[in-house]
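Whatever order the structure lists them in is the order used to number ligands and atoms, beginning at 1. Every value quoted in this text rests on a predicted model; they were computed, and no experiment measured them.
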Amino acid sequence: MKEPITISITGAAGHIGYALLFRIASGSVFGADQPVNLRLIEIEPALPALHGVVMELDDCAFPLLREVVATADLDEGFAGANWALLVGSVPRKAGMERSDLLGINGRIFTGQGQAIAKNAAKNIRVLVVGNPCNTNALIAKNNAAGVPSDRFFAMTRLDENRAKSQLAFKAGVHASDVTNLCIWGNHSSTQYPDFTNAKINGKPATDVISDHDWLKGEFISTVQQRGAAIIKARGASSAASAANAAIDTVKSLIQPTADGDWFSVAVCSDGSYGIEKGLIASMPIRTKSDGSWEVVQGVPVDDFSREKIDASVAELIEERDAVKDLIPS
Ligand code: NAD
Ligand code: LMR
């Protein structure tokens with residue numbers, strides 16, 4: 001049996017937390033031979049609810065689950081963490097953009113970044129789910145002195161999964177037949193789901209789907225607005241699909257990517273594709289056989305794509321400028 005790894009999860013008593021913890025504890029994320037410790041972090045008022053969740057974890061008698069800690073103390077919560085899943089934050093309501101949450105949520109990520117730097121394991125990796133996730137990840141990264149920037153990620157996998165399903169419905173195939181789907185930029189209504197490089201059963205999506213007006217119009221706006229559509233329908237933001245996407249992201253970052261394919265996650269830009277260095281922007285990523293990741297280079301960017309990517313990156317720059325006071329110089 002392997003040594004246990006430690007996963008810290010903020011907002012563990014929330015909707016996404018509830019859909020996430022049991023899958024991690026069951027072994028379906030890190031593997032059937034990988035024991036896990038869970039460090040569950042909540043704000044004080046949510047600790048009673050979190051204790052109820054811990055009782056349920058106990059009641060599952062998961063063979064791989066070792067220590068479970070429930071706490072509102074960040075030092076305790078991130079102690080020895082190999083992975084930090086930063087979910088805890090307020091979701092938007094109908095009529096809001098995700099960036100409207102910056103003022104409410106941004107501040108959470110300064111203290112969490114600092115606590116990660118102080119307490120986490122040397123190999124810590126941080127996935128930010130709480131919105132606006134790109135800029136929250138930027139805040140966490142810039143407050144985590146000494147933690148390399150390539151350890152910070154923000155989640156755009158839900159958008160990728162949504163885009164794959166939309167293309168699959170249109171083409172009359174299964175979502176798993178769609179590959180090479182990159183979400184570029186921000187997890188917001190400016191994100192660009194890149195159909196120009198997507199493939200369906202190995203063929204260009206633009207050959208399989210002849211309705212290019214749909215690809216350039218309704219497809220993009222459906223993916224961009226899907227979160228809002230779910231809030232309108234459910235009266236609450238997506239939770240099960242978001243937890244599922246967080247799991248997909250972690251698995252994609254720990255397992256080598258299939259040859260020729262890529263996945264979407266927002267990373268700290270190294271300037272690739274003209275995206276300003278240091279921004280947390282979504283782009284095509286692959287995981288190598290040694291477990292490290294890289295930006296896939298050479299993905300064609302035509303004029304249509306360039307304009308869309310630039311618009312989303314411009315929004316990231318605006319968000320960064322809006323939180324200047326939370327980023328140490
Ligand atoms: P929720 O309100 O059900 O749960 C959030 C939890 O976070 C609550 O239990 C709350 O007590 C806790 N929390 C708040 N501040 C905290 C702090 N400082 N430290 C620790 N915990 C804290 O919300 P949810 O549906 O679970 O969504 C959580 C976040 O995820 C929201 O910001 C939402 O917009 C975002 N989200 C992102 C994506 C994505 O694709 N990136 C998808 C869905 C939801
Ligand atoms: C989503 O994409 O479903 C989440 O980011 C929640 C939201 O506010 O849209």
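- Ordered by chain and residue number, the residues placing a heavy atom less than 4.0 Å from ligand 1 are G11, A13, G14, H15, I16, I41, E42, I43, A46, V87, G88, S89, V90, P91, I108, Q112, V129, G130, N131, C133, M155, L158, H187, S237, S238, A242.
- Using a 4.5 Å cut-off between side-chain heavy atoms of Ile, Leu, Val, Met, Phe, Trp and Tyr, F152 falls into a hydrophobic cluster with I41, L74, F78, L86, L102, I108, F109, I116, I124, V126, V128, L138, I139, V147, I280, V323, L326, I327.
- In the displayed structure, D325 atom CG is contacted under 6.0 Å by more than 12 heavy atoms of other residues, nucleotides or ligands.
- Enclosure of atom CZ in R286 by more than 12 non-hydrogen atoms of other residues, nucleotides or ligands within 6.0 angstrom is indicated.
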Between the protein and ligand 2, are there any N or O atom pairs that come within less than 3.5 Å of each other, and if so, what are their names and distances?
| from | atom 1 | to | atom 2 | distance (Å) |
| --- | --- | --- | --- | --- |
| ligand 2 | 2 (O) | R98 | NH2 | 2.8 |
| ligand 2 | 2 (O) | R162 | NH1 | 2.9 |
| ligand 2 | 2 (O) | R162 | NH2 | 3.4 |
| ligand 2 | 2 (O) | H187 | NE2 | 3.3 |
| ligand 2 | 3 (O) | R162 | NH2 | 2.7 |
| ligand 2 | 3 (O) | S238 | OG | 2.6 |
| ligand 2 | 5 (O) | R98 | NE | 2.8 |
| ligand 2 | 5 (O) | N131 | ND2 | 2.8 |
| ligand 2 | 5 (O) | H187 | NE2 | 2.6 |
| ligand 2 | 8 (O) | R92 | NE | 2.5 |
| ligand 2 | 9 (O) | R92 | NE | 3.2 |
| ligand 2 | 9 (O) | R92 | NH2 | 2.7 |
| ligand 2 | 9 (O) | R98 | NE | 3.1 |
| ligand 2 | 9 (O) | R98 | NH2 | 3.0 |

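- Heavy atoms of other residues, nucleotides or ligands lying less than 6.0 angstrom from CZ of F304 number more than 12.
- Within a 6.0 Å sphere centred on CD of E218, other residues, nucleotides and ligands contribute 12 heavy atoms or fewer.
- In terms of modelled atom types and a separation under 3.5 Å, the side chain of E160 and the main chain of I183 share no donor-acceptor contact.
- Every pair passing side chain to side chain donor-acceptor pair (under 3.5 Å) that includes a residue from residues 166-189 is listed here, sequence neighbours excluded: E97-S189, R98-H187, D159-H187, H174-S176, W184-D194, N186-E315, N186-E319, S188-T190, S188-E315.
- Taking a 6.0 Å sphere around CD of E56, one finds it holds more than 12 heavy atoms contributed by other residues, nucleotides or ligands.
- Atom CD1 in I7 sits 12.5 Å away from atom CG in L127 (nearest 0.5 Å).
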